[in-house]
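Take a look at the structure set out below.
One-based numbering, in listed order, for ligands and for the atoms of each.
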Amino acid sequence: MSPPPDDQGPDHIGRPASSGLIDGPIVRLEVPIAGRHETSGDPATERALLAAAIGSATEQIAALTELGDVETGAILEFQTVMLEDEALSEPAYSSIGRGSGAAAAWREALGGQIEDYQAADDEYFRARAADLIDLRDRVLRNLAGEGLSGHRPGAILIGDDLTPTRFLETDWSQGGGVALAHGNPSSHAAMLARSRGIPMVTGLGFGNLDGHERALLDGDSGHLILSPNANQLAGFSEKVRQADALRQQADAYLARPAVTPDGTPIAMMVNIADPDEVDGIDVNICDGVGLMRSEFLFHRCSHLPDEEQQYQAYRKVLQWAGDRPVTIRTVDAGGDKPIAGLTIEESNPFLGLRGIRLSLIHRDIFKAQLRALARAGMHGNLKIMLPMVSVPAELETAAQLLDECVAELTAQDTEAVRPPVGIMVEVPAVAIMPELFSAAAFLSIGSNDLTQYVMAASREGDAVAALHDPGQPAVLSLIKRVCQYGGKSGIHVSLCGEAGGDPAHIGALLEAGLRTLSVAPAAMARAKMAIADTDLEAGDG
Ligand code: PEP
Ligand code: MG
């Protein structure tokens, strides 16, 4: 390869974390703050100053929580819990007692914890190090009376790593982007960027940024071009034009029913997490809710939601959907979704107490959810779905518990229905022998987990991302087997994993026999466009 011409801006490649293209001025993420707090030399004063700085941090985080959505709530809850944990602040107070100033003591106390998180085997815990850095810097800023460094709306934030609260405090109303030398696509900041549609690339490994003022960032290919020249700018504008044209083309499909060129209708459902999400979705773009991940309700508050809170949340979604079916999945905690007070720490949580396994242990919590669902079922077309089922006994027990809940509610003169109960097909044991689950009212294939378990490739890790491929023949043959069983038995089969919204996989999924897909609302237009372009072989369906 010939070296680039001198005037060509350096082009770095990293790991795409959130899709989209942005051309903008760069703003350096602030260099770690010094926490310029002069020590008074008096331990009692330093202790009081630290306590006040921690108290202000708690208030600032609470104010951010008010602004955010359900994912934001979960992220900030981690920080609030950490701030309230005396184990975090105690070492700092002790070193103040030994003569340290508040800032030095806090920096040192947090330093050890941050290193522990950074060295964790588990990617989830490594990603939480950014939360702790965020907490460290927030309290130091409070001690020093410093505010955030300025941000230019529409700019590309560039630096080592990005904390979730820095993301939340940034004004994204005019777009912008994030380019990080390090960072991790599973971090909370990356999750926030994806949910807000802010392009982000991690692991760019750039060095000195001096002299650069403008950059081009491609969140799909992972490229960052610093100080672009005229050719690079022209190439990028062309990419932006193509992406806009593709989006407009896809948007034209949004309001139409999904149908293949031979006229085969495909039911298109949406996946949601937070009940408030439906406020931003036109119900006419979908045929119902194929998956409501109820565990996100459990992340929303610092305590588990009670029956009444759940009832209100489920009823809201059912009323929004009208006659359309709404499939609400019972709590799928565990794996990558730990919930304080519910899940346990395990060395391999994806193979541990997850989903229905956990619900059947915490029967009080499970019954509160089933009661809320049976009551909410009065307000629409509700189906209940069980996650991570591996053996028929789990379905039987859950169905019995639901019957008990409905009987109890009826005995108390509380209006309730007994919704049909179906299962996720995400454990290979179910996909291999679906006939054992003939008691299920419906089957919904969770291709995210099914792929992870069939291919023995984590759905999170970057290193085996190529193996976590729902297009692998082994995964597709299991999907086909489940569809064939559905055809023979009359049990409805759908798919609610990410593959259903991915144009690269839609053709193979329809070929495997699927006629109902449930996808993220943002993926709906492109999925419908891909369906309109999928020729099914004669005789399928
Ligand atoms: C799946 O596993 O495909 C699925 C839809 O469930 P989740 O992604 O919530 O595990
Ligand atoms: Mg799953």
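Atoms of ligand 1 lying under 4.0 Å from at least one heavy atom of M424, given by number and element, are 4 (C), 5 (C), 6 (O). Every atom of ligand 1 is numbered from 1 in the order shown, and the set under 4.0 Å from a heavy atom of G497 is 3 (O), 5 (C). Proximity to L291 (heavy-atom distance under 4.0 Å) selects the following atoms of ligand 1: 5 (C). Counting atoms of ligand 1 from 1 in the listed order, those under 4.0 Å from a heavy atom of D332 are 10 (O). Within ligand 1, counting atoms from 1 as listed, the ones closer than 4.0 Å to a heavy atom of C496 are 5 (C). Atoms of ligand 1 found under 4.0 Å from any heavy atom of E426, numbered from 1 in the order shown, are 1 (C), 2 (O), 6 (O). Within the listing of ligand 1, atoms 1 (C), 2 (O), 3 (O) sit less than 4.0 angstrom from a heavy atom of G446.
Between M388 and L358 there is no side-chain heavy-atom pair separated by less than 4.5 Å. You'll find the side chain of Y485 reaches within 4.5 Å of the side chain of L443, heavy atoms only. Using a 4.5 Å cut-off on side-chain heavy atoms (C-beta onward), T327 and L291 make no contact.
Residue Q452 places every heavy atom at 4.0 Å or more from ligand 1. E498 does not count as a contact of ligand 1, since none of its heavy atoms falls under 4.0 Å from the ligand.
Here the N, O or S atom of E426 that is nearest to the Mg ion (ligand 2) is OE1. Closest N/O/S atom of D449 to the Mg ion (ligand 2): OD2.
Under 4.0 Å is where a charged nitrogen must lie from a carboxylate oxygen, and between R354 and D332 at least one such pair does. In summary, K316 and E277 do not engage in a salt bridge, as defined by a charged side-chain N under 4.0 Å from a carboxylate O. Taking 4.0 Å as the cut-off between side-chain N and carboxylate O, E404 and K367 count as a salt-bridged pair. Checked for salt-bridge contact, E295 and R329 meet the test: a charged N lies under 4.0 Å from a carboxylate O.
Using a 4.0 Å cut-off between heavy atoms, N271 makes no contact with ligand 1 at all. Under 4.0 Å from ligand 1, the heavy atoms of R329 that appear belong solely to its side chain. Looking at R354 against ligand 1, only its side chain comes within 4.0 Å, counting heavy atoms. Within the 4.0 Å heavy-atom criterion, neither part of I445 lies near ligand 1.
Between atom CD1 of residue I506 and atom CE of residue M529 there is a gap of 10.0 Å, rounded to the nearest 0.5 Å.
If you run side chain to side chain donor-acceptor pair (under 3.5 Å) between Y314 and each of Q369, Q319, Q309, only Q369 comes through.
Polar contact with ligand 1: absent for E295 (N/O pair, distance under 3.5 Å).
Of the protein's non-hydrogen atoms, R293 NH2, 3.5 Å is the one closest to atom 7 (P) of ligand 1.
Taking the ring centre of Y253 as origin, the terminal cationic atom of R256 falls inside the region bounded by 6.0 Å and 45° from the ring axis.
Between the side chains of Q400 and D403, not a single donor N or O lies within less than 3.5 Å of an accepting N or O.
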